[in-house]
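Residue numbers start from 1 in every chain, and the chains themselves are labelled A, B, ... in the order their sequence lines are given, proteins ahead of strands.
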Amino acid sequence: MNKAMPDEQQFRAEVADWMERHLCGRFAPLRHRGGPGDEMAYPELRREWEAEMAAGGWIGLGWPQAHGGRDLPLALQVAFHEEYARAGGPGRMGHIGETLLAPTLIAHGTPEQQARFLPGIRDGRVFWCQGYSEPGAGSDLAAISTRCWLEDGEWRLRGQKLWTSLAHESEWIFVLARSTPGSVGREGLSFLLVPLDQPGVEIRPIRQMTGEAEFNEVFFDDARTAADCIVGKPGDGWRIAMALLGFERGLSTLGQQMHFAHELQLLVAAARSCGADRDVGVRRRIADAWIGLRALRANALRIFARGENATGPEALVYKYAWSNWHRDLGQLAMDVMGIAGDVPASEDPWRRLQQVFFFSRADTIYAGTNEIQLNIIAERGLGMPKG
Amino acid sequence: MNKAMPDEQQFRAEVADWMERHLCGRFAPLRHRGGPGDEMAYPELRREWEAEMAAGGWIGLGWPQAHGGRDLPLALQVAFHEEYARAGGPGRMGHIGETLLAPTLIAHGTPEQQARFLPGIRDGRVFWCQGYSEPGAGSDLAAISTRCWLEDGEWRLRGQKLWTSLAHESEWIFVLARSTPGSVGREGLSFLLVPLDQPGVEIRPIRQMTGEAEFNEVFFDDARTAADCIVGKPGDGWRIAMALLGFERGLSTLGQQMHFAHELQLLVAAARSCGADRDVGVRRRIADAWIGLRALRANALRIFARGENATGPEALVYKYAWSNWHRDLGQLAMDVMGIAGDVPASEDPWRRLQQVFFFSRADTIYAGTNEIQLNIIAERGLGMPKG
Amino acid sequence: MSAFAIPTDEQRALRETATAFLAGHANARSGRDSDAALWQTMAELGWPAVLVPEEFGGLGLGIAEAVVLLEEMGRSLTRSPFFSTVALAQPLLLHAATEEACQRWLPGLAEGSATATVIAAAGLSPAFRHEELAIRACRRGDRWELQGCAEQVLDGDGADMAFVVAALEDGVCGLFHVPADTPGLQRSALESWDSTRPQGRWCFDAVPLPLEARIDRPAGFVAGVVHALQLAALLLAAEQVGGAARCLELTVAYTGERRQFGRVIAGFQAVKHRCAQMMVKLETARSALQGALAALELNEQAVASEIAVARVLATEAYRFCAAEAIQLHGGVGFTWEYDPQLHFKRAQWASHWFGDADTWRDAVADGVLGGVTERHQ
Amino acid sequence: MSAFAIPTDEQRALRETATAFLAGHANARSGRDSDAALWQTMAELGWPAVLVPEEFGGLGLGIAEAVVLLEEMGRSLTRSPFFSTVALAQPLLLHAATEEACQRWLPGLAEGSATATVIAAAGLSPAFRHEELAIRACRRGDRWELQGCAEQVLDGDGADMAFVVAALEDGVCGLFHVPADTPGLQRSALESWDSTRPQGRWCFDAVPLPLEARIDRPAGFVAGVVHALQLAALLLAAEQVGGAARCLELTVAYTGERRQFGRVIAGFQAVKHRCAQMMVKLETARSALQGALAALELNEQAVASEIAVARVLATEAYRFCAAEAIQLHGGVGFTWEYDPQLHFKRAQWASHWFGDADTWRDAVADGVLGGVTERHQ
């Protein structure tokens, strides 16, 4: 933060201008595509878009300059996400590598790991996915049973990971696995970096309710990775994984809200086109959706105003609030469409709104179900008894 | 059931006719008064009304003829309650004695107890109240700590009962108290009959949110009752108490629904008089209230169709359904009244609707809170794990 | 106190047969070939004949029997022309067609040798208005000519015939029998989110029909159509109740096995309370359904409003139970392999066909409060 | 990204003072005598002066400071003319009265030597229509004559003066200063369910006022009235948020002590989840309140819609939290001795003064969708 910062308005204009000049031509079909629930859209073109982004200098905005980043303050990173979304920027194929793994490596990786892995991420060439959940370890992450062990100077893995999005588009996966045999809970776990293209790894798509397969199961059957592909020491896995989850929060929040605002605009358009905008009940529900979105925005601004190192009650409630808002939006959209919504649509607004209806059912489940969120709010936010 | 039963329609006409000829003149002010939330209304006149009812032969309809009852089948008892409510029959001062204690004495009392206590109840002269809940034993009834012991040939009691409605209007109370020192839970309890007019008993009204005091605390400070004023044996208390709660269910259900229907009519009248009946949102909420009430009725008819000795899922959900319906009705009524509802009203529809708004808050608390009801439904209805 | 019917022994037996039979023929995920075979077996069991009077070749049982069957089909996610043929086309014939047409078409529909659907206003709401009818019919000399496009016809790609409520030039409407193979009719299948509800488009561009294709009953035709669509709505409520019941069963079973934090999740109070609330909504809807049936059998005046009660509560129960089934199944609830998503799609479909909840509420409000609720301003 | 203000040190100090002071002066249950003393002390603390510019004898602090005070008054169930004087009458003067009137009346209201209320349409909704104004004014030679009855005037039995938005004969409206001791004015107290919101009736039967009693600003008067009522609504939202926060605190504390089935009931997941949902609604409303404040300070165009957001969510949060506080307190929550019932009554009162939630929703819908929502058909 010791160099002159570009003025935020100027920076925003710069992002908007770049987006307008690059998200066009062959990239035009990507506008507003590829977000959650739409990740099957144009995978090849989106890989190329990542390289385009990298060439524009838009990857690693918050990384230290020593690691090839731009060391921008939080406000400008947020501004980038917001302008990116406002311009209809597509879902980011590289976001797990850029926003989760990279900060983890910068904080906890060895200089060799940083030198080896960060450039591929920053250049939009190498994609990562995340191996945390398991069939028996969803909400209860500490119940992980995937095992790993050192053998002949290599790590070997055996087990199964679940809900791994983008696995079929990624080169690497980071995996939380049990390195101390017989350990339970948070002890004895390690955080490994594993290449996906090897005989010991099998990726099977999980078909979701829309018929598409955005998530995968990843099976490790004596899969291998190099001895130095561990972040931290054996047994540090839980601590590393929790630090990583910490990086997840907040930054892309306002960008997500721009997507929500876009969806709400689509809903208004749909209501107008079918005349539902004249139904008093629909009008009030749309008003409630608009009100809820403004409140989400105010909530996010409260989080940012508090600064990077403080966590207030508004941060604690945010996931529950946005996921339920989004789920309600999906139901409202479907109610507005009426019987026309029964038939899969290929064009917006109908296409996207149908996707929101179905996919938003996952919003209240992944990254902490509603039930887990309420537990956390009660225990951490209100100091109520555990268990 | 071995004698010829009067035809139901004829019986209903008979009730309606009697009500029309008796609930008039000096009793006219009692119409639609004295129900839950309104029990402070006209206590003296309602005592006289009980005697009037008794003279008409309307108390003890379901009791065996040997005990002075009429041994009517369930369908006719239900018909009576429905017609009574339809005619605006006042809240029954004697209902705890007639519908709770009397069946208990008939099933579990000694011939002496039956001879001593039943006539006063049947004649509408002697009124009873119920001493179950305690400050530390509300939802968890088995945590009762009021103690009783035999001393000098009498039972003595020490402790405190709570939420005792009509205590200030009653002559007797039946009490669940711990007769085995050191016992816990359901063991070691006894079921005693205790006169209220004695130095060892103090009744203190509990002021409720409306400012009125419909419930009481009853303090026993070495209170006394005769050695033979115990139902069942010492230690049988829990079993007797549970049997009594069993008598509570169902019978007055359709009568209660007639009261609800009356309240809904008042609500419609209020909506019309202030023009809220032209608001689409209010219309739909009133429609939902009407729909909910019809469903409650259908639910009750399902219960009765199943017969006296069977309990189906519809009986299990009924308390939760009606209490939440009624609470919603109160809120709707208040929303319909708008700012006019802020000022205590002395005339219907406003008076009664305000009472419903406030008092219905107790509906989801007494006789098993919402939370207890949902536990019961999950555990008994769905076989889910306890605790 | 109107008497609530205890199920007869026959009805109990019918339910047991249906449960066992349909459980062995769940076809929501499989292809269409099996559907024809399923329909064939249903026909052998006599199911398409339950509602048809004996004089028209049916069994002449009551609507209670149809409710039993549809509840079970809702529970087992059955895909079948049963609903369109038995719950929709047959009542329309019985209440709105000529005696002659009943004689001609009901026996085949009752024995299952043919299937049928109905075309009227989109979504088949009983509260439809004349100008919403999808098809218009004109008299051209010695024939009728049909014009217009019905976009989403229930079972429209499979039904052997449709009974079309068409607008006539003089502002009234009529009923037409249209075989699926009528020359000039353009018929195409549509994809559906709810694959158990196949839909198809029926397009008429001056399609000629013989004079005898018009079969509306001379007196009380529109009232008959409305009543038939109300009955279909009631029977749809039965399906919804069956589906909601199944969602609850699945959820209780799954949460009773799934372990998190060292115990089955059915032991968590939040999970228990949610299941209990599902049960409250389910049993309330079931009571309402029986209430509507009782009203129908007593021929009570306010049948329409009792159907409204059943429909509003069944819609709410099914939507709630299907959504909660997904939520309480967690991640797998969202996948293709587990059934909650199939119920979720069906609950969504059912929520706005045959009149959505607000349409029914508005009808109730008009009855209770007077006036006419203008949904659109 | 509009900057969200972190509380200044002064605001923090103000909140601490207010919390400590008001906690020692809870007066929701006590008689009216103490209210005057409380107001006197508030005046000594300078509170009535927060919103008034220095030129009119005030402190010239921002609306954020008023929000702090009202949140704390909401939390502690304070009964005081503060709301009607500071949140209602002062903004009305500042936005709708002449400079001269501000000079004349604001200093006294700022120093607390007088209290005031406002009379306009019943309930003081910012969406009022001209014909809903309770009082009419006619010019009679060298005086004004006021006619009409305002049924429920906030603090109407105690305020020293009212500022009356009255309908004039020519269809426009004007603002009148009416001292409580005006000859001919008939004033009476009304009982209120929410005893912290005393109300009174002001009846005018051809009551004469001098010409200078009319004090409306010549330009933009109606817009000024609407804006002032919107500000009052925002400040009411602050009270609601404070009240909701208190309900949650009380409930967490009570359930942390109350034991059932051998454990504190705060340990039951159903209780925890309900409290967590209270917190979600509370924090969402609090965010919305801060959003509206930020919009106001940036002078953003859409202030009215941001106030709508705050009001709708604060209304929902307070109603929900007060109702749940009663439910989770169990039997005692229903009694006079515990505070949940006081909050419940206040939440009900606040839900429909200054525009109920549907009124605000309709305004938002009109902005988002265009058209005008006709609430009444």
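Heavy-atom neighbours of chain B within the stretch residues 344-354 of chain D, taken at a separation under 4.5 angstrom, comprise D/F344, D/K345, D/Q348, D/W349, D/H352, D/W353. Residues of residues 201-214 of chain B having a heavy atom under 4.5 Å from any heavy atom of chain D, listed by number: B/I206, B/R207, B/Q208, B/M209, B/T210, B/G211.
Centroid-to-centroid, the aromatic rings of D/W193 and B/F357 stay 6.0 Å apart or farther.
A cation-pi contact links B/K319 to B/Y366, judged by a cut-off of 6.0 Å to the six-membered ring centre and 45° from its axis.
Residues D/R201 and D/Q186 have side chains that never bring a donor and an acceptor to within less than 3.5 angstrom of each other. Side-chain contact check for D/T359 and D/D356: at least one donor-acceptor pair (N or O, by modelled atom type) lies under 3.5 Å. A donor and an acceptor atom, one from each side chain of B/T364 and B/R327, are located under 3.5 Å apart. At a cut-off of 3.5 Å, with distance as the only test, a side-chain donor of B/E134 or B/T146 sits close to an acceptor on the other residue. Using modelled atom types, one finds a donor on one side chain and an acceptor on the other under 3.5 Å when comparing B/Q355 with B/R352. When only modelled atom types and interatomic distance are considered, D/D194 and D/S192 share no side-chain donor-acceptor pair under 3.5 Å. Inspection of the D/S80 and D/T78 side chains reveals no N or O donor paired with an N or O acceptor under 3.5 Å.
Note: B/D335 leads B/D335, B/L162, B/L374 in heavy-atom pairs under 4.5 Å with chain D. Between chain B and the residues D/E151, D/R274, D/E337, D/R259, the largest count of heavy-atom pairs under 4.5 Å involves D/R274. Ranked by heavy-atom pairs under 4.5 Å with chain D, the list B/D342, B/N370, B/I365, B/T369 is led by B/D342. Contact count versus chain B (heavy atoms, under 4.5 Å) is highest, among D/Y338, D/W336, D/F261, D/F268, for D/W336.
The OG1 atom of D/T196 sits 7.5 Å away from the CD atom of D/E239 when rounded to the nearest 0.5 Å.
Looking at D/R197, there are no atoms closer than 4.5 Å to chain B (heavy atoms on both sides), in backbone or side chain. For B/F215, the part lying near chain D is the side chain, with the backbone staying farther off; criterion is any non-hydrogen pair under 4.5 Å. If you measure heavy-atom distances from B/A143 to chain D, you find no contacts under 4.5 Å at all. Contacts between D/E191 and chain B at a heavy-atom distance below 4.5 Å involve backbone atoms as well as side-chain atoms. Within the 4.5 angstrom heavy-atom criterion, atoms from both the backbone and the side chain of D/Q327 approach chain B. Residue contact with chain B, scored on non-hydrogen atoms closer than 4.5 Å, involves the backbone and the side chain of D/V332 alike. Residue contact with chain D, scored on non-hydrogen atoms closer than 4.5 Å, is absent for B/N375. Neither the backbone nor the side chain of B/L141 comes within less than 4.5 Å of any heavy atom of chain D.
In this pair, B/F260 and B/W322 present their aromatic rings tilted. The plane angle is within the 30 to 60° band.
Evaluation of the side chain to side chain contact (heavy atoms under 4.5 Å, CB included) rule for D/A162 yields D/T117, D/I119, D/V164, D/W202 as partners, not counting sequence neighbours. Here B/S183 pairs with B/R178, B/T180 under the side chain to side chain contact (heavy atoms under 4.5 Å, CB included) rule; sequence neighbours left out.
Two residues are said to be in side-chain contact when any heavy atoms from C-beta on lie closer than 4.5 Å; B/S346 and B/R351 fail this criterion.
Here B/R285 does not pair with B/D288 in a salt bridge; the nearest charged N to carboxylate O distance is not below 4.0 Å.
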